[in-house]
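Below is one structure, written out as structure tokens; the observations come after it.
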Amino acid sequence: MNDPLTVIDRLRRTTDSIVGEADLRDRLAAGRPLRIKYGVDLTAPDLHLGHAVNLWMMRQLQDLGHQVVFLLGDLTTRVGDPTGRSDTRPVLTPAAIAANASSFLDQVSLVLRTDPSVFEVRRNSEWYDGMPIADLLGLLGQVTQAQLMSRDMFRARVEAGREIAVHELIYPVLQGYDSFAMRSDLTIVGSDQLFNEQLGRHFQQRLGMPPQVVITTTITPGLDGRAKQSKSLNNYIGLTDSPRDKFGKLMSIPDHLVEPYARVYTELPLDTVAALASSADTGGPAARDAKLRLAAAVVTRYHGAGAARSELQSFQQTFTHRTQPTDIPTVVLDHPVTTVLDLLAAIRPTETRSQLRRLITQGAVTINNTRITDPTTPVDPVELTVRSGPRTWHRIHPSADGTGVPTNG
RNA sequence: GGCGGGUUGCCCGAGUGGCCAAAGGGAGCAGACUGUAAAUCUGUCGGCUUAUGCCUACGCAGGUUCGAACCCUGCACCCGCCA
């Protein structure tokens with residue numbers, strides 16, 4: 001189980017490349033717990049299934065006794081990572097950085113174990129805040145301008161005639177030095193971070209430490225089939241999404257994503273993955289069933305088998321059999337309502353009234369299975385089952401003291 | 001340093017004084033179809049107590065006008081060309 005080849009083999013499933021594979025084998029064989037660098041920029045985190053791929057790999061290693069060092073880049077966030085940016089990035093306030101750090105921890109703990117024996121939290125301000133200028137210059141003396149400019153992104157900016165602020169140029173240096181300061185053995189990152197982490201290897205070697213191993217992971221496409229999941233494209237499944245949302249989003253992916261998603265986002269045996277892929281190819285109900293398996297597997301991983309079973313059931317009730325789901329949330333009205341529009345506004349407070357009005361006039365709303373298309377239709381808020389849109393159900397209860405019941409004309 | 005062009009709604013993009021909450025496309029949302037797939041069709045797509053109504057909006061600030069996204073002035077940012 002703890003055999004290096006077996007461990008690496010398991011990681012291989014979601015690995016794109018390994019820098020220093022022989023080192024990794026040796027260090028695993030040595031039996032000492034490895035220090036795994038998980039460095040993050042403290043911008044507002046919204047971790048999705050793609051990020052979780054890396055986290056699960058770390059989790060596997062934690063289960064074998066290795067240590068994840070969660071490195072909060074509080075100092076470097078003030079600098080601003082130029083990765084993927086064609087423009088200079090704005091800086092964050094300390095308060096925002098603190099809030100992001102705590103949100104990060106919450107999300108990360110959905111996958112990683114956080115007991116101190118396998119999890120350690122550090123901040124890079126620990127070593128940068130007190131660093132004398134002389135030391136910083138010494139550090140900068142270890143890197144050449146040509147090394148930094150070999151970064152395609154920097155070159156592209158120069159060619160486009162855009163500016164590169166000097167602090168941005170230095171960012172990779174700081175991120176690299178982090179690896180030395182925290183004695184990283186291994187880091188598991190997206191391929192976009194390869195450059196910075198290789199600089200980490202460089203510093204470790206220069207400073208007399210064995211270089212960290214760098215594993216880059218497989219990038220999976222977004223829900224819409226585009227290159228990757230991202231918040232700005234709104235094509236991702238968030239770690240904090242409800243089981244319902246995770247299940248639903250997986251059911252709506254394009255057929256050709258069944259294979260990569262099953263391979264990378266689940267631990268289903270690879271022959272099962274292959275079977276699902278061919279079902280997805282077949283189309284029709286077989287494709288649907290393959291997605292059901294995929295969705296159930298993912299929901300199980302994050303929320304347990306019980307949640308997966310009930311989501312599966314709920315899905316089939318709602319979409320396959322077109323009946324009401326059994327687990328409709330109950331809403332108790334705390335103020336009187338007289339029209340359908342008021343009722344919807346009460347149960348979906350985040351939508352604008354204009355949007356709700358549209359839902360009604362476009363036929364998306366039913367009350368007790370009767371379609372209502374006039375927003376001004378009066379309602380009796382007794383026991384009602386309201387559906388607004390394809391997947392939004394509410395069961396209405398009037399408030400206990402009766403204020404939910406209007407004078408019924 | 002000189003000259004020219006640009007900045008429009010979530011994104012792209014048309015619009016050069018009233019008919020503009022602003023063409024068209026994309027995304028989104030809803031309906032039909034269906035496997036919560038793809039494709040297709042239809043509608044919708046700033047907000048507001050339900051509106052032949054009001055408010056907000058066309059980079060920012062001010063001005064001209066009965067009336068400005070459209071004209072003028074200043075500012076900011078972007079993009080070309082020349083040196």
Side-chain angles (χ1 to χ4, degrees), chain A residues 85-90 157 159-163 165 221-227 229-237 241-262 276-296 298-299 311-325 335-346 348-366 369-379 386-393 406:
Chain A
R85 280 299 181 125
S86 51
D87 293 309
T88 303
R89 172 177 284 208
R157 277 216 221 166
E159 275 165 33
R162 286 174 179 275
E163 63 185 14
L223 296 175
D224 51 2
R226 284 199 258 185
Q229 300 191 47
S230 86
K231 185 175 190 176
S232 52
L233 293 175
N234 192 29
N235 64 349
Y236 67 103
I237 298 177
D241 281 352
S242 66
R244 174 81 25 110
D245 283 343
K246 287 193 182 84
F247 201 100
K249 286 180 180 180
L250 287 162
M251 289 308 292
S252 67
I253 61 174
D255 289 356
H256 68 269
L257 290 185
V258 168
E259 195 276 334
Y261 273 33
L276 291 181
S278 89
S279 299
D281 258 4
T282 306
R288 178 199 60 205
D289 291 341
K291 285 184 193 173
L292 287 171
R293 293 261 331 250
L294 168 65
V298 171
V299 171
E311 288 311 323
L312 176 62
Q313 187 187 25
S314 174
F315 180 88
Q316 289 179 319
Q317 282 166 347
T318 311
F319 297 106
T320 307
H321 307 308
R322 312 238 164 188
T323 56
Q324 284 182 18
H335 58 85
V337 299
T338 55
T339 63
V340 201
L341 183 58
D342 285 338
L343 181 66
L344 278 189
R348 299 185 64 174
T350 60
E351 300 287 347
T352 66
R353 287 177 76 88
S354 298
Q355 171 60 13
L356 295 173
R357 199 188 309 282
R358 263 174 238 131
L359 281 179
I360 297 166
T361 55
Q362 295 190 123
V365 174
T366 64
N369 288 318
T370 305
R371 179 168 293 187
I372 310 284
T373 54
D374 180 353
T376 64
T377 306
V379 291
V386 180
R387 183 190 197 207
S388 48
R391 51 199 157 259
T392 310
W393 297 78

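In this structure, A:Leu344 places its CG atom 17 Å from P of B:C29, rounding to the nearest Å. Across the protein-nucleic acid pair, A:Asp241 atom CG and B:U36 atom C1' stand 15 Å apart, rounded to whole Å. Note: CD1 (A:Ile360) to C1' (B:U49) measures 13 Å, nearest angstrom. Rounded to whole Å, atom P of B:U36 lies 6 Å from atom CE of A:Met251. With rounding to whole Å, A:Arg387 atom CZ is found 12 Å from B:U36 atom P. Atoms CG (A:Asp342) and P (B:C48) sit 13 Å apart, rounded to a whole Å. Whole-Å rounding puts the A:His256 NE2 to B:G35 C1' distance at 16 Å. What separates CZ of A:Phe247 from P of B:U36 is a distance of 11 Å, to the nearest Å.
Side-chain contact between A:Asp255 and A:Lys291 is present, with at least one heavy-atom pair separated by less than 4.5 Å. Within the 4.5 Å cutoff, the side chain of A:Pro378 has no heavy atoms near those of the A:Thr338 side chain. Contact check for A:Glu351 versus A:Leu359: no side-chain heavy atoms found under the 4.5 Å cut-off. Between A:Val298 and A:Phe247, every side-chain heavy-atom pair lies at or beyond the 4.5 Å cut-off.
Ranked by how close their nearest RNA chain B nucleotide is to the 5' end, A:Arg353 and A:Ser252 are led by A:Ser252. Both A:Arg391 and A:Glu351 sit near RNA chain B, but only A:Arg391 has its closest nucleotide nearer the 5' end.
A gap of 13 Å separates the C1' atoms of B:G9 and B:A14, to the nearest Å. Remark: the separation of the C1' atoms in B:G13 and B:G25 is 8 Å, to the nearest Å. The separation of B:G47 from B:C81, taken at their P atoms, amounts to 42 Å, rounded to a whole angstrom. If you take atom C1' in B:A22 and the same atom in B:G17, they sit 15 Å apart, rounded to whole Å. Taking atom P on both B:A57 and B:G62, the two are 12 Å apart, rounded to the nearest angstrom. Straight-line distance between the C1' atoms of B:C60 and B:U7: roughly 11 Å, to the nearest whole Å.
Taking a pair to require two hydrogen-bonding distances under 3.5 Å in either a Watson-Crick or a G-U wobble arrangement, B:C29 pairs with B:G43.
Dashed line: the shortest gap from a side-chain N or O of A:Ser354 to OP1 or OP2 of B:C48 is under 4.0 Å. Note on A:Arg371: a side-chain N or O is less than 4.0 Å away from OP1 or OP2 of B:A32.
No hydrogens or angles were tested; on distance alone, nothing pairs the side chain of A:Arg358 with the base of B:U44 as donor and acceptor under 3.5 Å. Between the base of B:G35 and the side chain of A:Asp255 there is a donor-acceptor pair shorter than 3.5 Å. Donor-acceptor pairing under 3.5 Å, judged by distance alone, is present between the side chain of A:Gln362 and the base of B:G43.
Comparing B:U44, B:C48, B:U34 against the side chain of A:Arg322 picks out B:U34 as the nearest. The nucleotide whose nearest atom lies closest to any side-chain atom of A:Thr352 is, among B:A30, B:C48, B:U50, B:C48. Counting only heavy atoms from C-beta on, A:Arg357 has its side chain closest to B:A51 among B:C29, B:A51, B:A30. Looking at the side chain of A:Leu359, the nearest of the listed nucleotides B:C29, B:U36, B:C48 is B:C29.
Under a 3.5 Å cut-off, the side chain of A:Arg288 and the backbone N or O of A:Thr320 do not form any donor-acceptor pair. Side chain of A:Thr318 to main chain of A:Phe315: no donor-acceptor pair is present (N/O by atom type, distance under 3.5 Å, no hydrogens or angles).
Within 4.0 Å of A:Lys291, counting heavy atoms only, lies at least one base atom of the nucleic acid. Contact annotation for A:Pro390: backbone-only contact, meaning every heavy-atom pair under 4.0 Å involves sugar-phosphate atoms and none involves a base. At the heavy-atom level, A:Gly248 lies under 4.0 Å from base atoms of the strands shown. Within 4.0 Å of A:Ala364, counting heavy atoms only, lie sugar-phosphate atoms of the nucleic acid but no base atom.
Here A:Arg353 pairs with A:Asp342 under the salt bridge (charged side-chain N to carboxylate O under 4.0 Å, His left out) rule; sequence neighbours left out.
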